[in-house]
Amino acid sequence: MKQFIKEFLMGDYLIAKRFWIFPLILWTVLVYASYQWNINQLDQYLLENAKEMGRNMFYVIKSMKTWNASHGGVYAPVTKDTQPDTFLNLPEREIKSTKGKLYTLINPANMTRQLSEITNLQNKISIHLISLKPISPSNMANAWESSIIKEFELGKIENIKLFHDGKLSEFRYIAVLKAEDTCLRCHARQGFKKGDIIGGTAITFPAEPVIILQKNKKLNLIFLHISIYLLVSLLSLYIFFRTRKQWMILKNIQNDQELRIQMRTFELEEAYIKLTKELKAHKETSDLLMKSEARLIAINDSALEAIITIDKESTIISWNHAAEEMFGYSQEEIIGKSLMIIMPETFREKHLKSINKYFHFPFGQGGIIPTIGKTVEFSGLKKDGSEFPIEISLASWKADDQIFFTGIIRNISKRKQLDKQLKELNHTLEERVIEEIEKGRKKEQILIQQSKMASMGEMISAIAHQWRQPLNALGLIIQDIKEAFHANELDQQYIEKSIKDSMDQIKMMSNTIDDFRDFFRKSKQRAPFNIIKSIKFTQSIFSAQLKNNAITINNIYNEDEDIIVNGFFNEFNQVILNIMSNAKDAIVEARVKGILGPEGGQIIIRALKEDDRAVLKIGNNGGPIPENLLDTIFEPYFTTKEEGKGTGIGLYMAKSIIEQSMNGKIFVENMGYGVIFTIYLDIYRE
């Protein structure tokens, strides 16, 4: 059933909006992946920048240590902040100046610690040496630092990590520390040799400035990705909407084009049939003329044609035997002479002007000499000076860059004499045609009467269904009065109520009669009417028949819309009734054959405006019509129903009313589980 309705409506497959979510999801994933990748890159960039900062500080410290070590250490006055290094076992660890001031040796490690104190105090930068075997216990590496030193032993030269303690964030940079010649002065006793990894130089510095910068960049990344995401998403939705709209417009145009092609095909088929009939009639007329001409030839023994050719100077260059007999000149007498010798004086000046005008235009344009390409009548001049009527067909041709004119001439003197006979024959033919037309009109009246009788049978059945309910109600009222009488319940109020209820039922039956009488009243003249009103009126007449056969109607139109056409209201109602009646019979027959279930019958009616046309489609699901019968469905006395169940004139009258009386079009086509009748009428314009 759904398939039938879909095919009936000729539904277009539109771009479903629910599928738009998939490209948007894909776009969301891509934007999110881009954001994550950029965040990772930013984190890597942060560590690389921090590593570069640590590396720069390490190079400065390394240079200072190298300088210190290259001088064997430097001496500084012993003060509160500069005390001798107890872990430095050298004979000259302390010395006195000549004035007795005490100095202590500051080696690279001690200098690094003092430098760390200064930088930590001023810039929160901490510098210290780490080792797995330190001379000073304060330089013992922790767990993380130990793991880094082990990595140094595997070939790595530096490392950096971001630490958070809940309040502060800091970077810890460690660079490898290898033993050099200057280092062995203190570390040789530990077993180190030149090039051995002693440990590392650890630099700790604040990460907050870099983290703040990174947060700003992350915010910029978020804003950039959200902006791009929203911009592309909105643009994509706009493109989707535009594409969908254009697609739907193209689809509507395609559907309209297909419908126009069907209509045009239908019109061409009708034109072909009409042309075939006209050709047949023309052939009959031509045969009649040929017979008349044959009789004329037989009377006159011969009717040979003269063929004459002239050049552009009107000089005769070709002259056949028939021309000799027609004009009385032999070839020797006429060849080389002017055509004027056989042309009456009244035509000579006109002929010369036409020839002169012709040569002012390129060869082959035609139309300058009115007689070229046509068969016209002139007068000829015989050798003895007598004039006679001729029929001439003139053509121009070219050879060796020269233009010639050839005329085929026929003496029509004898044919003129037979014109009267031909007119009399045509008059007789006209009388026969009038007689046949009158017979056709009488046959048409019989068909109309038969159609009315068939419709009346449908209406009588409809009236019976419409009256069944009020008659049952009247019977119940009468029985109730009898029961009330025996029960002594009759009073004035009861009698008045019974009378009122009975009159309501009788009024309903009377209104039914009025509706059916209006339905069969012939429209006297064309008048504008609304086809929506016609559909609703016919459905009200036929509703009992449909309800009795469990057939539902699906109306697809706007009841408030005005679809006005100019025609005959009651006759149009009869067309709708015939189509609905046929639909009902088809559905009932489909149930008998087992094609449909008891409740499966459906009639669909769709009305709409299409440009300057009103379109009415009436479809049913009672099964298709055999394809070989579609072309004959509107012919008189043709029916697909069983014998005794159809007259075969309903659809013939429907076609006659729509196409002859209302200048419209009606055709039928199979569609899925049933058929669709389509009616086209011109919209009425005041």
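Model, not experiment: these values are computed from the prediction.
- Residues forming a side chain to side chain contact (heavy atoms under 4.5 Å, CB included) with L608 (at least two apart in sequence, or on another chain): R606, V615.
- Listed by chain and number, the residues in a side-chain hydrogen bond (donor to acceptor under 3.5 Å, both in side chains) with T309 are T406 (sequence neighbours excluded).
- Checked against side chain to side chain contact (heavy atoms under 4.5 Å, CB included), N320 has the following partners two or more places apart in sequence or in another chain: A306, I307, A322, A323.
- In this structure, E269 has no side-chain hydrogen bond (donor to acceptor under 3.5 Å, both in side chains) partners at least two apart in sequence or on a different chain.
- In this structure F529 satisfies the ring pair (Phe, Tyr, Trp, His ring centres under 6.0 Å) test together with F569, F572, sequence neighbours excluded.
- Residues satisfying the side chain to side chain contact (heavy atoms under 4.5 Å, CB included) criterion with L630, sequence neighbours excluded, are I625, E627, V668, N670.
- In this view, D560 satisfies the side-chain hydrogen bond (donor to acceptor under 3.5 Å, both in side chains) rule with no residue, not counting sequence neighbours.
- The side chain to side chain contact (heavy atoms under 4.5 Å, CB included) check on S386 picks up K382, D384, with sequence neighbours excluded.
- Residues forming a side-chain hydrogen bond (donor to acceptor under 3.5 Å, both in side chains) with K277 (at least two apart in sequence, or on another chain): none.
- K665 is linked by a salt bridge (Lys or Arg N to Asp or Glu O under 4.0 Å) to E270, counting only residues two or more places apart in sequence or in another chain.
- Annotation: salt bridge (Lys or Arg N to Asp or Glu O under 4.0 Å) contacts of K283 (sequence neighbours excluded): D287.
- By the salt bridge (Lys or Arg N to Asp or Glu O under 4.0 Å) test, E659 pairs with K655, sequence neighbours left out.
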